[in-house]
Amino acid sequence: MSKQIVIIGGGIIGLTSAWYCTQRGHQVTVIDRNPKTRDGCSFGNAGMIVPSHFVPLAAPGMIKLGLKWMWNPESPFYIRPRASWDLLTWLWRFRNACNASHVKRSAPVLRDLHLASRACFQELSSELEDGFSLTPNGLLMLCRSDQALDEEAETAQLANSLNVEACVLDAKATAEKDPSIEMNVAGSVYYPRDCHLSPYKLMNALQSELSVRGCQFLWETDCTRFHLQGRQAVAVETSQGPIDADEFIICGGVWSSQLGQQLQLKLPMQAGKGYSITLDQPCQQPSICSILTEARVAVTPMDSSLRFGGTMEISGLDQSISQSRVRGIISSITDYFPKFKPADFEKCEPWAGLRPCSPDGLPYIGRSGTWENVIVSTGHAMMGISLAPITGRCVAEIADGEQPNVTNFELLSPDRFST
Ligand SMILES: Cc1cc2nc3c(=O)[nH]c(=O)nc-3n(C[C@H](O)[C@H](O)[C@H](O)COP(=O)(O)OP(=O)(O)OC[C@H]3O[C@@H](n4cnc5c(N)ncnc54)[C@H](O)[C@@H]3O)c2cc1C
């Protein structure tokens, strides 16, 4: 039966949810407070599809690393100390999740989702007539030091045990893998199933094809609260007036927890600010995307341009750009890729985006037990592009009363922090 579905949020998670709901014959309206031409987190990111990222952000060693990096203004990870109850409780939950058993439970779930999403991207790529430069060339985790390479080799071993193919390469084999760029590294781990794409193209291709298929978009429209009746939401109040629907899907990125509060849902979330810089005419263009492991910088060729993305700054909803952290990204690039010089970046305009980060590093996907017709789909942190199509597909299944069979969804429940 065709339903009226309202999706709050026109980022990548909102658009892929709209895609699969529309495909199932539902009447979908996507509402976003931003204009049609916008520049949020789903646009300026590094565009990687990463089965290699099966370890959640909340993992052993992260607290120690965070404390070490806190004092360096150019470091890739920073928590701005501030008197905020939300931040304190988030940090407490993050600390509790940074353990080996959480990683052991979460890794197969993230692996299943990434691999299923990769398959969805291949389908989407043919449906959208390759409108987003999907490139299945794999990913290199580049390591400058032997110590980092040893640590990455351990993760590679774990990856192989989870059937995510990974191989450890020395400096010579790394250079042979991608001869188009000179690298100053001790070695790398190569993940052949990772891919990359152009997020701007993906967003634009999805948005225009969704319009063709009858999806409605309400731009510059702010959703403020819900009208409730018993265990159902009957309408969402917006800056343009109330909008009724049979089903409401919350895909509001880092702002989702504010919307959740209206429904007494506890969706702890912090914004993980990240920056990207894009060179239109790089002096060398790799054919494989990579991560500069020690610097935590992602490097993605996007057609003829080259994007570098990095930093995880937990500093509230502020989107201002810290020039010292951008400098940190640039200086790490020149360490790994000796042909690049700081002067290459002088004319680049840095971009900032807010990743929606849950404290346990897992997204919130599913129906809340409290409301019969509200689905939550957010909290994808550094994996929102990678997990977007499978998230959208599962959301559409849930909207139709089906149980997605991709993986164990219990760990992703939007009610998991409600007690
Ligand atoms: C530097 C950087 C690099 C990254 N690289 C990668 C990568 O390589 N691979 C990967 O998988 N991920 C990557 N990410 C993460 C990815 O970009 C995010 O996970 C993803 O974009 C989140 O999408 P979203 O739809 O949940 O949120 P958003 O894109 O933030 O969209 C949410 C939308 O909801 C709207 N909204 C919210 N509340 C309301 C309301 N009340 N009323 C109306 N509208 C509302 C907002 O206006 C917004 O447009 C990166 C992120 C950064 C910052």
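Just follow the structure's listing: the first ligand is 1, and inside any ligand the first atom is 1. Given the structure is predicted, the values throughout are model-derived calculations rather than measurements. One-based numbering along the sequence shown.
Checked by distance only, ligand 1 and G47 come closer than 3.5 Å through their nitrogen or oxygen atoms. Considering backbone and side-chain atoms alike, I8 places every N or O at 3.5 Å or more from each N or O of ligand 1. An N or O contact shorter than 3.5 Å links S42 to ligand 1 by distance. Checked against a 3.5 angstrom limit, the closest N/O atoms of D32 and ligand 1 fall inside it. Checking only distances, N34 does come within under 3.5 Å of ligand 1, N or O to N or O. By the 3.5 Å distance cut-off applied to N or O atoms, W255 is not counted among the residues near ligand 1. Checking only distances, G384 does come within under 3.5 Å of ligand 1, N or O to N or O. By the 3.5 Å distance cut-off applied to N or O atoms, A381 is counted among the residues near ligand 1. The shortest N/O to N/O separation between G353 and ligand 1 does not fall below 3.5 Å. Residue contacts with ligand 1: I13 is placed with a nitrogen or oxygen under 3.5 Å of a nitrogen or oxygen of the ligand (distance criterion only).
Here the closest heavy-atom approach between residue G241 and residue T238 is recorded as O-OG1, 2.6 Å. The nearest pair of heavy atoms linking P350 to I321 is O-CD1, 3.2 Å. Shortest non-hydrogen contact noted between S320 and Y275 is O-OH, 3.6 Å. Considering every non-hydrogen atom in both F94 and A58, the closest pair reads CE1-CA, 3.6 Å.
Salt bridge annotation for R24-E247: absent, with no cationic side-chain nitrogen under 4.0 angstrom from a carboxylate oxygen. One finds no salt bridge joining K347 and D280 here, because no Lys/Arg side-chain nitrogen approaches an Asp/Glu carboxylate oxygen to under 4.0 Å. A salt bridge does not link R393 with E123: none of the charged nitrogens is closer than 4.0 Å to a carboxylate oxygen.
In A388, neither the side chain nor the backbone holds a heavy atom less than 4.0 Å from any atom of ligand 1. At a heavy-atom distance under 4.0 Å, only side-chain atoms of R355, from C-beta outward, approach ligand 1.
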Worksheet item: What do the steps show when you test H53 against S386 for side-chain hydrogen bond (donor to acceptor under 3.5 Å, both in side chains), and what is the final call?
Response: CA-CA 10 Å; H53 283 38; S386 189; over 6 Å; no
Fill in: Verdict with supporting geometry, H26 and D400, side-chain hydrogen bond (donor to acceptor under 3.5 Å, both in side chains)
CA-CA 10 Å; H26 299 299; D400 276 344; 2.7 Å; yes
Fill in: side-chain hydrogen bond (donor to acceptor under 3.5 Å, both in side chains) assessment of S145 paired with E294
CA-CA 8 Å; S145 67; E294 293 95 330; 3.1 Å; yes
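Judged by the 6.0 Å distance and 45° axis criteria, R325 is positioned over the aromatic ring of Y78. A cation-pi geometry, defined here as NZ or CZ lying under 6.0 Å from the six-membered ring centre and within 45° of its normal, holds between K177 and Y190.
Here the heavy atom of the protein found nearest to atom 10 (C) of ligand 1 is M382 O, 3.2 Å. Atom 17 (O) of ligand 1 has C41 O, 3.1 Å as its closest protein atom, hydrogens excluded (heavy atom only). When only non-hydrogen protein atoms are considered, atom 5 (N) of ligand 1 lies nearest to A46 N, 3.0 Å. Remark: minimum distance from atom 1 (C) of ligand 1 to any protein heavy atom is reached at Y275 O, 3.5 Å. With respect to atom 11 (O) of ligand 1, the closest heavy atom belonging to the protein is S386 N, 2.7 Å. The protein atom (non-hydrogen) at minimum distance from atom 42 (N) of ligand 1 is C223 N, 3.0 Å. Of all protein heavy atoms, the one lying nearest to atom 8 (O) of ligand 1 is M48 N, 2.8 Å. G9 CA, 3.2 Å is the protein heavy atom nearest to atom 34 (O) of ligand 1.
No side-chain donor from either of T135 and N137 sits under 3.5 Å from a side-chain acceptor of the other.
Between F217 and W219, the ring planes lie parallel to each other; the angle is under 30°, not in the 30° to 60° tilted range. Between F43 and Y200, the angle of the ring planes lies from 30° to 60°, which puts this pair in the tilted group.
Between G40 and ligand 1 there is no heavy-atom distance shorter than 4.0 Å. Proximity of T221 to ligand 1 is established by a heavy-atom distance of less than 4.0 Å. The shortest heavy-atom distance from C251 to ligand 1 is under 4.0 Å.
Less than 4.0 angstrom separates some heavy atom of G11 from each of these atoms of ligand 1: 25 (O), 29 (O), 31 (O), 33 (C). Less than 4.0 angstrom separates some heavy atom of D222 from each of these atoms of ligand 1: 40 (C), 41 (N), 42 (N).
Heavy-atom proximity to atom 22 (C) of ligand 1, evaluated over P356, P363, G253, is greatest for P356.
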